[in-house]
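Notes follow once the structure below has been shown.
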Amino acid sequence: MRSSPLEAEVQKGRFITFEGIDGAGKSSQIAAVVSLLGARGLVVEQSREPGGTRLGESLRELLLHEPMHLETEAMLMFAARREHLAARIEPALLRGEWVVCDRFSDATYAYQVGGRGLEPEKFAALETWVHPGLQPDLTLLFDLPPEVAASRVASTGADPDRFEREQRDFFVRVREAYLERARHAPGRICVIDANRSPEQIREEIETLIKERFFA
Ligand SMILES: Nc1ncnc2c1ncn2[C@@H]1O[C@H](COP(=O)(O)OP(=O)(O)O)[C@@H](O)[C@H]1O
Ligand SMILES: Cc1cn([C@H]2C[C@H](O)[C@@H](COP(=O)(O)OP(=O)(O)O)O2)c(=O)[nH]c1=O
């Protein structure tokens with residue numbers, strides 16, 4: 001028996017992504033959103049890019065540590081994403097589950113187009129190839145000055161990867177590309193001022209998610 005449009009709507013899974021330059025503070029906020037959704041009885045699939053599958057995690061290792069041509073980098077990001085979509089994201093959404101993902105294609109636009117200088121047409125061709133017609137339902141873009149983000153990354157004491165070792169102007173370009181992408185998709189991408197306390201940010205995100213999905 002076919003479900004009514006209302007039932008179909010209720011059963012439909014939602015796709016939420018988190019974006020921002022390295023050190024923006026996404027990680028702990030993702031955990032808060034996952035528990036907020038879980039507390040509503042929703043089944044939530046949490047993942048990250050590059051990664052999310054065994055193959056994707058192997059590609060992540062290469063992407064984060066192995067020097068490579070910028071087009072190789074862009075294509076490997078999308079190769080990992082293709083696998084991730086097929087193996088996890090699309091099946092979860094079809095089951096009516098919610099997917100919360102640390103980064104998606106906006107990161108490729110920001111880092112590879114904005115940061116590295118990949119031609120936007122090449123990015124658009126890959127995006128159309130890999131996920132035609134699919135975009136997140138909501139993207140939370142954590143925005144803050146690169147110098148603040150860099151000092152947060154440094155304070156973790158962890159060995160910086162290939163991206164985290166980039167200089168300030170790289171992150172200025174990445175940030176600008178993210179904001180440009182947000183200007184083109186104002187209904188999907190919400191810009192969050194990430195240069196505030198974790199509590200203030202969490203409150204804003206909780207309100208936003210309640211208004212967007214549960215009002
Ligand atoms: N709002 C915040 N204010 C100050 N420090 C923060 C904030 N959010 C996160 N941090 C700290 O900054 C560092 C990077 O945060 P993280 O969540 O790993 O960033 P991301 O996942 O965006 O790279 C961590 O040490 C974290 O504790
Ligand atoms: C998904 C994606 C990530 N990246 C970069 C951004 C990050 O520097 C890096 C890994 O992202 P992330 O998991 O946020 O790093 P960390 O766990 O260290 O906070 O990959 C791209 O350059 N393009 C992409 O498409």
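Just so you know, ligand 1 is whichever comes first in the structure, and atom 1 is the first atom listed for that ligand. The figures that follow rest on heavy atoms only: side chains count, while hydrogens, waters and symmetry mates do not.
- In this model, no donor atom of one side chain and acceptor atom of the other lie less than 3.5 Å apart for R88 and T53.
- The distance criterion of under 3.5 Å between nitrogen or oxygen atoms is met by K26 with respect to ligand 1.
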Given F171 and E147, is the side chain to side chain contact (heavy atoms under 4.5 Å, CB included) satisfied, shown in steps?
-> CA-CA 9 Å; F171 289 106; E147 46 278 19; over 6 Å; no
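- When only interatomic distances are considered, the shortest N/O to N/O separation between S27 and ligand 1 falls below 3.5 Å.
- Using modelled atom types, one side-chain atom of Q200 and one backbone atom of S197 make a donor-acceptor pair closer than 3.5 Å.
- Ion pairing of D22 with R165 is absent here, as no side-chain N (NZ or NE/NH1/NH2) approaches a carboxylate O to less than 4.0 Å.
- At under 3.5 Å, a nitrogen or oxygen of R196, whether backbone or side chain, sits near a nitrogen or oxygen of ligand 1.
- Selection from E199, E19, R152 by nearest heavy atom to atom 3 (N) of ligand 1 gives R152.
- Checking Q29 against E204 by side-chain atom types alone, no donor-acceptor pair falls below 3.5 Å.
- The list of ring pair (Phe, Tyr, Trp, His ring centres under 6.0 Å) pairs with a residue in residues 48-80, not counting sequence neighbours, reads F78-F123.
- Between the side chains of T108 and R81, at least one donor N or O sits under 3.5 Å from an acceptor N or O.
- Residue contact check for ligand 1: P198 places a non-hydrogen atom closer than 4.0 Å to it.
- Side-chain atoms of E127 and Y109 form no donor-acceptor pair, as typed in the model, at a separation below 3.5 Å.
- Distances below 4.0 Å separate heavy atoms of I201 from the following atoms of ligand 1: 1 (N).
- Residues with a heavy atom under 4.0 Å from ligand 2: D22, K26, E49, P50, R60, L64, M77, R81, R103, A107, T108, Y111, Q112, D161, F163, E164.
- Given atom 25 (O) of ligand 1, the protein heavy atom at minimum distance is T156 CG2, 3.4 Å.
- Heavy-atom proximity to atom 15 (O) of ligand 1, evaluated over A24, G25, S28, S155, is greatest for G25.
- Which of A194, A31, G23 comes nearest to atom 14 (C) of ligand 1 through a heavy atom is settled by distance: it is G23.
- Cation-pi check for R14 over F213 is not met; the charged atom does not lie both under 6.0 angstrom from the ring centroid and within 45 degrees of its normal.
- A cation-pi geometry, defined here as NZ or CZ lying under 6.0 Å from the six-membered ring centre and within 45° of its normal, holds between R40 and F214.
- Under the 4.0 angstrom criterion, atom 27 (O) of ligand 1 counts as lacking any protein heavy-atom contact.
- Checked against the 6.0 Å centroid criterion, the rings of F15 and F104 qualify as a close aromatic pair.
- Residue Q200 places every heavy atom at 4.0 Å or more from ligand 1.
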